[in-house]
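Presented below is the structure to which this report refers.
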Amino acid sequence: MKPTFYITTAISYPNGAPHIGHAYEDMATDVIARFMRLDGYDVRFLTGTDEHGIKMLQTARKEGITARELADRNSARFIEMTKLLGLSNDDFIRTTEERHKTSCQAIWEAMEKNGDIYLNKYAGWYSVRDEAYYAEEETVVSEDGIRFGAQGTPVEWVEEESYFFRLSAYQDKLLALYEAQPDFIGPDERRNEVISFVKSGLKDLSISRTTFDWGIPVPGNPKHVMYVWVDALTNYITALGYPDMQAELFQKYWPALHIIGKDIVRFHTVYWPAFLMSAGVPLPRRVYAHGFLFNRGEKMSKSLGNVVGPQEMVDAYGLDPVRYFFLREVSFGQDGSYSHEAIVARMNADLANNLGNLAQRSLSMIAKNLGGVLPVPGALTDADEAILASTYGLLAACREAFATQQIHQALNAIWGVLGEANRYFDAEAPWTVRKTDEARFATIMWVTAEVLRNVGILIQPVMPGSAAKLLDLLALDEAARDFAHLGEAGKLTGGVALPAPVGIFPRYVEKAAS
RNA sequence: GGCAGUGUAGCUCAGUUGGUUAGAGCGACGGACUCAUAACCCGUAGGUCGGCGGUUCGAUUCCGCCCGCUGCUACCA
């Protein structure tokens, strides 16, 4: 039986259209999911939308529609994006679904049964008009002594009945968790931050509201809806069938690797494990936080007008180059920057020149000089052995990189071998050898094709479409495209007729200035 | 303010458990080649390794201070 692997993105808050930040997390998670599938794991990949809460209500009101209508409309946009990006998710969860209500109420009851939920009062600066609380520092007092909230509406000190989660009881358990499971949080910087946060002392958490009703009702007290995190985080187990922990999916796939943005690290590494401990559910395997994307080094914002949508980007460069760019250019876990120039540079240097051109020059030689038939190699020289050894070493390097989500390092290793392959090709000068030594020429062609086969297989997670084209050009059987066929195991056998070579990665040429 | 991290070639970064000439990719420039998507290959970049001071025979790598940048410092997802 295959080992299993469960991976999730954070669920997106759909009070607006998806932007490149959402796309980035989705693409990266998809790459990991695909990598693990190819490496022999039975993978479950979940993404979705987090649709409750006050902000949805406020946005809906501004647009003159209901929260439900807003959620339906925008969630559909996120679903469209999964198609646009070619995501291989197995499920798409919406927190407004019935299965999620059942799940949230069950985890609530489990935490309550464990004695971790109690009723008390939540106090703060409340805006009746916004139906929202504001932190003290978000408010300003005007000259006439009236205090206003962030939206410019008057606020008043309100004490509201609220359920609390006994987070304070979990401080030591959480610290013990980080200690016992050092890879629970990644990258390390985030882990350090979380530990110092928890060490500084944990207060109990307000987990219900009575001021609005766009949420999941608290069991036994429908005046309250669950507030934010119990609702949002629970999605990860809802999708596996919780509260039925004997459910097939749950048994098979939990615990998860959660891929999230660095802004929600605390919720996933403090609140979430505490909730699960309380409810008696096993904890996630690991939480890995990626960084933010910047447009030319500047934060993206509507006022700067530098927000780029995933659709525009895919339209401009194509899906696979976009996926490749973000995963190669940005160190996964750190902030990154993108620009038209940087994307074009990657497309042309890495994709068109290093990989595309190597495929083109070698395959067209086979077409022209060997009748389009992949040759059978003769005795291998040291040079042949060397480039093959580097190529065959890639799986181990990629696995090592993916084990800690260092996707960019895996790509770096692959392109290192491509550089070596170009030097090999040049040094062997097959265009000259062809005239004097046909057997040697055939061997050089075979070796190069074998490098391309391995590279083609390894880049499938990042560029599924382009990789398939490359492997098609090598007439590689669909069933021979997983990682088990890398290296000696799936070595190309000569004598196979190849299709006519076509370009896979076109150069990006700037349009004439208009 | 406190805690943590970071500042290396035009750009993006790697690296040195302290030690002869500090590396890669991209860009730029020069050369070679002509199989190929004007691609590929070879060579060049003389960078105070943020600043000042200290430890040491010797520091970019250790310590201190300073400057710049970033993150965290709880109920907005």
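Just so it is clear: chains get the letters A, B, ... in the order the sequence lines come, proteins before strands, and each one is counted from 1. When reading the values below, keep in mind they use all heavy atoms of this one structure, side chains included, and skip hydrogens, waters and symmetry mates.
Applying the 4.0 Å criterion to OP1 and OP2 of B:A77, one finds that A:Tyr227 has a side-chain N or O inside that range. Contact annotation: A:Arg507 reaches the phosphate of B:A39 (side-chain N/O to OP1 or OP2, under 4.0 Å). Not one side-chain nitrogen or oxygen of A:Lys262 sits closer than 4.0 Å to the OP1 or OP2 atom of B:C72.
Atom CD of A:Glu428 and atom P of B:A36 are 19 Å apart (whole Å). Atom NE2 of A:His408 and atom P of B:G25 are 17 Å apart (whole Å). If you take CD of A:Glu420 and C1' of B:G25, they are 15 Å apart, rounded to a whole angstrom. Rounded to a whole Å, the CE atom of A:Met347 is 14 Å from the P atom of B:G27. The distance between atom CZ of A:Arg328 and atom C1' of B:A24, rounded to the nearest whole Å, is 10 Å. Counting to the nearest Å, the C1' atom of B:A28 and the CD atom of A:Glu341 are 16 Å from each other. A:Asp335 has its CG atom 8 Å from the P atom of B:G71, to the nearest Å. One can place CH2 of A:Trp415 at 16 Å from C1' of B:C40, the figure rounded to the nearest angstrom.
Pairing of B:U48, defined by two Watson-Crick or G-U wobble distances under 3.5 Å, is not identified with any nucleotide. Across all strands shown, B:A74 remains unpaired; no Watson-Crick or G-U wobble contact has both distances below 3.5 Å. Figure legend. B:C13 is base-paired to B:G23; pairs are counted as Watson-Crick or G-U wobble with both atom distances under 3.5 Å. Nucleotide B:U61 forms a pair with no other nucleotide shown, judged by Watson-Crick or G-U wobble geometry with both contacts under 3.5 Å. For B:U55, there is no paired base (Watson-Crick or G-U wobble, both distances below 3.5 Å). Nucleotide B:C69 forms a Watson-Crick or G-U wobble pair with B:G5, both donor-acceptor distances falling under 3.5 Å.
Here the side chain of A:Leu205 is nearest to one of B:C35, B:C75, B:A77, namely B:C75. Of the listed nucleotides (B:A74, B:G71, B:C35), B:C35 has the atom at the smallest distance from the side chain of A:Phe425. When distances run from any side-chain atom of A:Ser206 to the nucleotides B:C75, B:C35, B:A74, the shortest one goes to B:C75. Nearest nucleotide to the side chain of A:Leu202, out of B:C41, B:A74, B:U37: B:A74. When distances run from any side-chain atom of A:Arg361 to the nucleotides B:A74, B:C40, B:U37, the shortest one goes to B:C40. Counting only heavy atoms from C-beta on, A:Ala349 has its side chain closest to B:C26 among B:C26, B:C41, B:C75. Listed nucleotides B:A39, B:C72, B:C35 differ in distance to A:Asn353; the shortest reach to its side chain belongs to B:A39. With distances taken from any side-chain atom of A:Met365 to the nucleotides B:U37, B:C35, B:C76, the minimum falls on B:C35. Among the nucleotides B:A77, B:C40, B:C35, the one closest to any side-chain atom of A:Asp263 is B:A77. Side-chain proximity of A:Trp229 to B:A77, B:C33, B:C26: nearest is B:A77.
For A:Asn357 and B:A36, a side-chain-to-base donor-acceptor distance below 3.5 Å is present, hydrogens and geometry of angles not being considered.
Here A:Asp188 lies out of heavy-atom contact (under 4.0 Å) with every strand. Within 4.0 Å (heavy atoms only), A:Leu233 reaches no atom of the nucleic acid at all. Across all strands, A:Leu167 comes closer than 4.0 Å to base atoms (heavy-atom distances). Residue contacts for A:Gly291: at a heavy-atom cut-off of 4.0 Å it reaches no nucleic acid atom on any strand shown.
The gap from the P atom of B:G64 to that of B:C3 amounts to 13 Å, rounded to the nearest Å. When the P atom is compared between B:C66 and B:A74, the two are found 25 Å apart, to the nearest whole Å. Taking atom C1' in both B:A39 and B:C26, the straight-line distance is 16 Å, to the nearest Å. With both ends at atom C1', the span from B:U70 to B:G50 equals 15 Å, rounded to whole Å. Nucleotides B:C67 and B:A24 place their C1' atoms 30 Å apart, quoted to the nearest Å.
Checking side-chain atoms of A:Glu97 against main-chain N and O of A:Arg94 turns up a donor-acceptor pair under 3.5 Å. Remark: side-chain polar atoms of A:Asn369 are paired, donor with acceptor, to backbone N or O of A:Met365 under 3.5 angstrom.
The ring of A:Phe275 has its center closer than 6.0 angstrom to the ring center of A:Phe165.
Electrostatic pairing of A:Glu189 and A:Lys262 does not count as a salt bridge here, judged by no charged N lying under 4.0 Å from a carboxylate O. Using a 4.0 Å cut-off between charged side-chain N and carboxylate O, A:Arg323 and A:Asp26 make no salt bridge.
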Inset, instruction - In sequence, state the C-alpha distance, the side-chain angles, and the governing distance for A:Phe425 and A:Met445, and then conclude on side-chain contact (heavy atoms from CB on, under 4.5 Å). - result: CA-CA 9 Å; A:Phe425 200 83; A:Met445 289 302 104; 3.7 Å; yes

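Here the straight-line distance linking atom CG of A:Leu474 with atom CD1 of A:Ile366 works out to 8.0 Å at 0.5 Å rounding.
Counted by atom type alone, A:His290 and A:Asp335 present zero donor-acceptor pairs between their side chains at under 3.5 Å.
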